[in-house]
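First comes the structure, then the notes that go with it.
The figures here come from the full heavy-atom set of this structure, side chains too, leaving out hydrogens, waters and symmetry mates. A quick note: this is a predicted structure, and the numbers were derived from the prediction, not measured.
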Amino acid sequence: MVALRGWPSFPGELPVFTPETAAEDPQALFLEWLTEAGEHVLAPHAVTLSTVDADGAPDARVVILKDVGPAGWAVATSSESPKGLQLRKDPRAALTFFWPGRGRQVRLRGPVAPAAPEVSAADFLARPPASRVEAFIGHQSQVLHHPADLDAAAAEAQRWVDANPETAPETWTRYLVDPDEVEFWQASHDRKHVRLRYRKTDGGWVRERLWP
């Protein structure tokens, strides 16, 4: 525990965040922060996707943000994966972005809906070849009894992808998170962290400054 307390959390110099001048739409501010993070940290588009399993227990894993647009924040996976099955049972999720190199975090949560099949197929076909092969292997999160089974499944998936380069699995799905709330958090060395929440109402987005 002594070592844990001794590790630095953020760099010496942190960006300044002035909520009063922030964009009225959270997507605009998010894209500004994402672009800025991309100049300083690795994988700025990595995001923790949190869902709920059949027993109501929380589950989380890191995935890649695919897009941000009018329909929401997009991630993608197989509908037969654990997260896909969880979203089918309870179509709500939370996304958490954390960029320690900039002392920034963005959290959002809301309902989730699958994109149109043609959108999901285009998402899959835009993946690198190795990623397409991985998706066709299947069995995600199931017990692997013998490493040789993975090698055999990967070889079979490679043959399928080579023979069907323009085919996407029917289960591949782009999921759109349409948030009710989006919160931006900026760290401060004096611990007076700056938090700005966007809350969706019938009249549009309401911006609210939160206590640290």
Side-chain angles (χ1 to χ4, degrees), residues 1-52 57-77 82-83 92-112 123 126-128 130-131 134 174-201 204-212:
M1 291 302 297
V2 174
L4 291 177
R5 291 182 180 275
W7 288 333
S9 300
F10 306 112
E13 184 176 345
L14 293 170
V16 175
F17 175 39
T18 307
E20 293 76 15
T21 61
E24 295 184 2
D25 186 310
Q27 282 196 6
L29 179 57
F30 174 78
L31 291 173
E32 177 185 324
W33 276 29
L34 179 66
T35 301
E36 199 272 347
E39 299 174 356
H40 299 276
V41 304
L42 294 174
H45 54 339
V47 57
T48 299
L49 168 65
S50 301
T51 52
V52 177
D59 203 355
R61 74 291 287 163
V62 177
V63 298
I64 294 298
L65 179 72
K66 293 303 192 77
D67 196 9
V68 182
W73 274 254
V75 296
T77 187
K83 48 190 172 293
R92 296 176 296 169
L95 298 178
T96 306
F97 298 85
F98 181 46
W99 305 304
R102 306 307 290 154
R104 285 179 165 175
Q105 179 178 215
V106 179
R107 301 190 305 142
L108 58 100
R109 60 180 180 175
V112 181
D123 180 285
R127 290 164 63 86
S131 296
E134 177 192 20
R174 175 177 280 206
Y175 291 96
L176 301 166
V177 183
D178 184 17
D180 300 314
E181 294 183 358
V182 184
E183 181 191 320
F184 295 81
W185 182 90
Q186 173 65 66
S188 176
H189 289 300
D190 63 6
R191 311 301 293 180
K192 296 177 182 177
H193 308 310
V194 180
R195 296 174 63 189
L196 177 65
R197 178 176 64 192
Y198 289 77
R199 183 168 48 84
K200 186 182 293 183
T201 69
W205 291 100
V206 174
R207 293 181 298 175
E208 299 166 320
R209 179 79 180 265
L210 304 178
W211 283 72

What's the shortest heavy-atom distance between [X] and [Y], and which atoms?
| X | Y | answer |
| --- | --- | --- |
| V62 | A46 | CG1-CB, 4.0 Å |
| D178 | A71 | CB-O, 4.2 Å |
| P26 | F184 | O-CZ, 3.4 Å |
| L65 | A74 | CD1-O, 3.4 Å |
| P11 | P100 | CD-O, 3.4 Å |
| P111 | D180 | CD-OD2, 3.6 Å |

Euclidean distance, [Y] [atom2] relative to [X] [atom1], rounded to 0.5 Å:
| X | Y | atom1 | atom2 | answer |
| --- | --- | --- | --- | --- |
| H189 | L14 | NE2 | CG | 4.0 Å |
| T96 | L49 | OG1 | CG | 9.0 Å |
| L34 | E39 | CG | CD | 10.5 Å |
| R102 | E36 | CZ | CD | 4.0 Å |
| H193 | L210 | NE2 | CG | 13.5 Å |
| F10 | R104 | CZ | CZ | 12.0 Å |

With heavy-atom distances below 4.5 Å as the criterion, would you say the side chains of [X] and [Y] are in contact?
| X | Y | answer |
| --- | --- | --- |
| W99 | V106 | yes |
| V63 | K83 | yes |
| P15 | W33 | no |
| Y198 | L29 | yes |
| F17 | W185 | no |
| R107 | R195 | yes |
| T35 | P44 | no |
| V52 | R92 | no |

Does any N or O in the side chain of [X] come within less than 3.5 Å of the main-chain N or O of [Y], such that one atom is a donor and the other an acceptor?
| X | Y | answer |
| --- | --- | --- |
| R207 | A22 | yes |
| Q27 | G69 | yes |
| H45 | D67 | no |
| K192 | P212 | no |
| E183 | R199 | no |

Worksheet item: Does the ring center of F30 lie less than 6.0 Å from the ring center of W73?
Response: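 Ring centroids of F30 and W73 are less than 6.0 Å from each other.
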Discussion item. Tell me whether the count of non-hydrogen atoms from other residues, nucleotides or ligands lying under 6.0 Å of CD in E24 goes above 12.
Written reply: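 At most 12 heavy atoms, drawn from other residues, nucleotides or ligands, come within 6.0 Å of this atom.
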Discussion item. For R109, is the CZ atom crowded, meaning more than 12 foreign heavy atoms sit under 6.0 Å from it?
Written reply: no
Item to complete: Sort out for me which residue in T77, T51, T48 forms a side chain to side chain donor-acceptor pair (under 3.5 Å) with R61.
Response: T51
Discussion item. The test is side-chain contact (heavy atoms from CB on, under 4.5 Å); show your working for R197 and V206 and say whether it passes.
Written reply: CA-CA 8 Å; R197 178 176 64 192; V206 174; over 6 Å; no
